[in-house]
A.B. asks: 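First, the structure itself, so that you have it in front of you.
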Amino acid sequence: SAKNCLTLFRNIRMCRLAVPAVRSVLMNPALNSNIICRLPSATSQQLGRHFSSEARDIQKEIGDLVNKEKVVVFMKGVPSEPRCGFSNAVVQIMRMHGVKYDAHNVLADEEIRQGIKDFSNWPTIPQVYIEGEFIGGCDILLQMHQTGELVEELQKVGIKSALLGEEEEKK
């Protein structure tokens, strides 16, 4: 089945079986005609990247990601389906403040999962960045939310917290 096929290819990627013969069979349509399952083109491109002889510069990639948007979160799962309680707490805090952010599921990419820990020198996930600066994890974000410091940090980068609108309406 397609699901089993994708699982197989994920396992190959995770094991880093970068054998040139395997790569050439997977990436060359003329050679892979006997392979029953077909990969979506995006998956084929990912496989090509992982089987290529070029090393992936994960720190540069993460640096580009944290600077792509004003607020970036590396989490387990996605905002609509967080896969751990700490990631869920960060999503809820962001939702309460009405913050639009770029989220990255570290469970989908083991290199990003480890790389982000090395990048920030912080051992846990989730991790929150504002304007490319590492803010902290769930505990720090929660504390900033409770003290009002998060509202201030968001204002510094031009983001108005939805909680400010609620306070103004009460006055």
Side-chain angles (χ1 to χ4, degrees), residues 2-11 13-15 39-47 49-50 56-171:
K3 183 178 180 181
N4 290 340
C5 183
L6 286 175
T7 300
L8 169 68
F9 286 110
R10 283 189 190 111
N11 289 339
R13 184 187 71 169
M14 294 303 291
C15 293
L39 297 174
S41 61
T43 305
S44 296
Q45 290 168 358
Q46 289 172 343
L47 278 171
R49 182 182 73 215
H50 290 292
R56 184 176 177 194
D57 187 350
I58 201 69
Q59 294 304 301
K60 180 185 180 321
E61 192 175 322
I62 290 171
D64 292 344
L65 291 173
V66 300
N67 289 301
K68 187 178 176 187
E69 299 292 334
K70 287 184 179 183
V71 179
V72 178
V73 177
F74 290 85
M75 60 183 287
K76 292 179 181 177
V78 295
S80 60
E81 291 185 40
R83 300 287 304 263
C84 84
F86 299 113
S87 292
N88 185 44
V90 167
V91 168
Q92 296 307 318
I93 291 169
M94 294 296 184
R95 190 172 291 146
M96 287 171 54
H97 286 270
V99 175
K100 293 181 182 177
Y101 58 96
D102 195 15
H104 300 278
N105 179 5
V106 300
L107 298 177
D109 189 331
E110 187 61 35
E111 286 182 292
I112 294 286
R113 184 178 189 172
Q114 184 55 47
I116 193 64
K117 294 174 185 179
D118 298 337
F119 184 85
S120 63
N121 198 26
W122 189 261
T124 60
I125 306 287
Q127 292 188 13
V128 179
Y129 292 79
I130 298 179
E131 285 276 302
E133 181 183 343
F134 176 60
I135 300 301
C138 175
D139 52 345
I140 292 172
L141 195 71
L142 180 59
Q143 183 180 21
M144 290 174 71
H145 166 70
Q146 291 169 337
T147 64
E149 188 180 351
L150 182 56
V151 171
E152 294 170 12
E153 288 299 313
L154 292 171
Q155 282 180 324
K156 287 179 187 176
V157 299
I159 299 172
K160 182 180 178 184
S161 169
L163 296 180
L164 282 180
E166 290 176 8
E167 286 180 14
E168 290 171 3
E169 288 176 11
K170 291 179 183 177
K171 290 180 181 180

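No experiment lies behind these values; they were computed from the predicted model shown. Hydrogens, waters and symmetry mates play no part in the numbers below; they use all other heavy atoms, side chains included.
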A.B. asks: Start with the C-alpha gap between H145 and M96, add the side-chain angles, then the distance that decides, and say whether side-chain contact (heavy atoms from CB on, under 4.5 Å) holds.
C.D. replies: CA-CA 10 Å; H145 166 70; M96 287 171 54; 3.3 Å; yes
A.B. asks: If you look only at pairs with a residue in residues 76-91, which of them pass as a side-chain hydrogen bond (donor to acceptor under 3.5 Å, both in side chains), with sequence neighbours excluded?
C.D. replies: N88-Q92
A.B. asks: Would you call the rings of H104 and F74 parallel, tilted or perpendicular if under 30° counts as parallel and over 60° as perpendicular?
C.D. replies: parallel
A.B. asks: Which pair of non-hydrogen atoms, one from G98 and one from A162, has the smallest distance, and what is that distance?
C.D. replies: N-CB, 3.9 Å
A.B. asks: Measuring only between side-chain heavy atoms, which start at C-beta, is V71 closer than 4.5 Å to L154?
C.D. replies: yes
A.B. asks: If you measure from CZ on F119 to NZ on K60, what distance do you get to the nearest 0.5 Å?
C.D. replies: 11.0 Å
A.B. asks: Can you tell me how far CD of Q143 sits from CG of L150, rounded to the nearest 0.5 angstrom?
C.D. replies: 11.5 Å
A.B. asks: Between I112 and L65, is there a side-chain heavy-atom distance shorter than 4.5 Å?
C.D. replies: yes
A.B. asks: Quick one: pull up CD in E133 and CG in N67 and give me the separation to the nearest 0.5 Å.
C.D. replies: 11.0 Å
A.B. asks: Between the side chains of K68 and D64, is the shortest nitrogen-to-carboxylate-oxygen separation below 4.0 Å, so that they form an ion pair?
C.D. replies: no
A.B. asks: Pick out which of I135, V72, V99 makes a side chain to side chain contact (heavy atoms under 4.5 Å, CB included) with I130.
C.D. replies: I135
A.B. asks: Would you say that L142 contacts F86 through its side chain, given a criterion of any heavy-atom pair below 4.5 Å between the two side chains?
C.D. replies: no
A.B. asks: Side chain of Q127, backbone of W122: donor and acceptor closer than 3.5 Å?
C.D. replies: yes
A.B. asks: Whether the side chain of K70 engages the backbone of I159 through a donor-acceptor N/O pair (distance < 3.5 Å, no angle test) should be reported.
C.D. replies: no
A.B. asks: Can you check side-chain contact (heavy atoms from CB on, under 4.5 Å) on V157 and E153, steps first, answer last?
C.D. replies: CA-CA 7 Å; V157 299; E153 288 299 313; over 6 Å; no
A.B. asks: Between G77 and N105, which heavy-atom pair has the shortest distance, and what is it?
C.D. replies: N-OD1, 2.9 Å
A.B. asks: About how many Å separate NE2 of H97 and NZ of K160, when rounded to the nearest 0.5 Å?
C.D. replies: 13.5 Å
A.B. asks: Can you give me the closest heavy-atom contact between G115 and I62, atom names plus distance?
C.D. replies: C-CD1, 3.2 Å
A.B. asks: Please report the C-alpha distance between L107 and R113 in whole Å, then the side-chain angles of each, then the deciding distance to 0.1 Å, and finally whether the side-chain contact (heavy atoms from CB on, under 4.5 Å) criterion is met.
C.D. replies: CA-CA 7 Å; L107 298 177; R113 184 178 189 172; 3.5 Å; yes
